[in-house]
Amino acid sequence: MKLTVLCLFLVLTMGAQTAGAQSTTEHLPTTDAEKIADALRAAPNFITEGATIADYPASKGGEWRVLRKGTSEWTCLPGPPPGSKHDDPGCFDSVFFQFVKDILAGRPQHVERIGVAYMFTGHTVPGASGGPFRVGAHIMLVSPHPEDLQGFSHNGQWGTYIIQLPGVEISSQWFLVLPLSQNAIQVK
């Protein structure tokens, strides 16, 4: 009986360690079906139901591939974004999506009104210590008046903060991030 209990304990302990190890491994979507399912996780259903699902261009300035045609102004993208190794899907209204397309193509941005984006699964950004940092669920806003954002923190110390896409050094490309949860973990 003691041997049976010991064996059961060892199996359960090893199983728990294996499950924990698997949870840190991130599966990135590769098929169109996986990319569509991934993109649909980025926002509430009332946004994703009518959204176009697109995939990133294969090269800078290339064509965006439509995976599912939508009926609203929203476009959802699967993860990972170009240059990332993390699964960070997002949903963007037409203004914010144009902002993203222009930045990724290296074109100047012309934001006509406030643009909105959702990232319910979070996003991985460079952390203060130099390693990747996981930001929890959040909403982002881009403004036609980026100077209005300069009063916000750059590090999230007071909740909301401004950030720009990695590698972008132009003040007109700042956008506001509004965290929806305190879920922030260091990524290895």
Side-chain angles (χ1 to χ4, degrees), residues 16-70 72 74-94 96-105 115-142 155-156 161-168 173 175-188:
Q17 289 173 350
T18 303
Q22 289 172 344
S23 67
T24 60
T25 303
E26 190 170 21
H27 171 75
L28 300 177
T30 55
T31 68
D32 286 356
E34 287 176 332
K35 290 178 180 187
I36 290 169
D38 191 52
L40 293 174
R41 299 180 316 130
N45 289 340
F46 64 86
I47 297 293
T48 60
E49 284 175 351
T52 294
I53 309 297
D55 198 5
Y56 292 95
S59 61
K60 185 176 182 174
E63 292 296 316
W64 293 75
R65 191 166 62 93
V66 173
L67 303 174
R68 184 190 85 180
K69 181 74 175 134
S72 72
W74 290 89
T75 301
C76 297
L77 304 172
S84 177
K85 298 176 184 169
H86 303 285
D87 186 15
D88 298 331
C91 288
F92 308 87
D93 73 359
S94 60
F96 209 114
F97 185 53
Q98 187 62 52
F99 174 78
V100 169
K101 290 191 313 185
D102 288 342
I103 287 175
L104 293 178
V116 180
Y118 288 88
M119 291 189 91
F120 271 14
T121 65
H123 186 64
T124 303
V125 297
S129 65
F133 186 77
R134 187 78 184 163
V135 177
H138 59 279
I139 295 172
M140 300 177 293
L141 302 175
V142 65
N155 62 12
Y161 58 96
I162 59 172
I163 193 170
Q164 35 188 184
L165 295 175
V168 174
Q173 296 172 338
F175 53 92
L176 181 64
V177 177
L178 305 163
L180 299 174
S181 71
Q182 293 182 354
N183 176 25
I185 58 171
Q186 198 71 21
V187 178
K188 296 179 182 177

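Values reported hereafter were calculated over all heavy atoms of this structure, with side chains retained and with hydrogens, waters and symmetry mates removed.
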For the atom pair CG (Asp32) and CG (Leu67), what is the distance rounded to the nearest 0.5 Å? 5.0 Å

Apply side-chain contact (heavy atoms from CB on, under 4.5 Å) to residues Glu34 and His27 and explain how you reach the verdict. CA-CA 10 Å; Glu34 287 176 332; His27 171 75; 3.2 Å; yes

Going from NZ on Lys69 to CD1 on Ile53, what distance comes out if it is rounded to the nearest 0.5 angstrom? 11.5 Å

Take Leu141 and Leu178 through the side-chain contact (heavy atoms from CB on, under 4.5 Å) test and state the conclusion after the steps. CA-CA 8 Å; Leu141 302 175; Leu178 305 163; 3.9 Å; yes

Smallest heavy-atom separation, His138 atom then Pro179 atom, equals CB-CA, 3.8 Å

Quick one, Tyr118 with Thr48, criterion side-chain contact (heavy atoms from CB on, under 4.5 Å). Give me CA distance, side-chain angles, the key distance, then yes/no. CA-CA 10 Å; Tyr118 288 88; Thr48 60; over 6 Å; no

So, Asp55 side chain and Arg65 main chain: donor-acceptor pair closer than 3.5 Å or not? no

Does any part of the side chain of Asp88, heavy atoms only, come nearer than 4.5 Å to the side chain of Met119, both counted from C-beta? yes

Nearest 0.5 Å, please: how far is SG in Cys91 from CZ in Arg41? 11.0 Å

Can you find a heavy atom in the side chain of Cys76 that is under 4.5 Å from one in the side chain of Leu40? no

Please answer whether the main-chain N or O of Pro78 pairs with a side-chain N or O of Asp38 as donor and acceptor at a distance below 3.5 Å. no

Measure centre to centre between the rings of Trp74 and Phe92, then say whether the value is under 6.0 Å. no

With under 30° as parallel and over 60° as perpendicular, where do the rings of Tyr56 and Trp64 fit, or are they tilted in between? tilted

If I take atom OG1 from residue Thr75 and atom CZ from residue Arg68, how far apart are they, to the nearest 0.5 angstrom? 10.5 Å

Closest heavy-atom contact between Pro89 and Thr121? CD-OG1, 3.2 Å

Quick check for you: to the nearest 0.5 Å, what is the distance between Phe97 atom CZ and Asp102 atom CG? 10.5 Å

Return the NZ to CG distance between Lys35 and Leu28, rounded to the nearest 0.5 Å. 10.0 Å

Atom of Met140, atom of Val177 and distance for their closest heavy-atom approach: CG-CG2, 4.1 Å

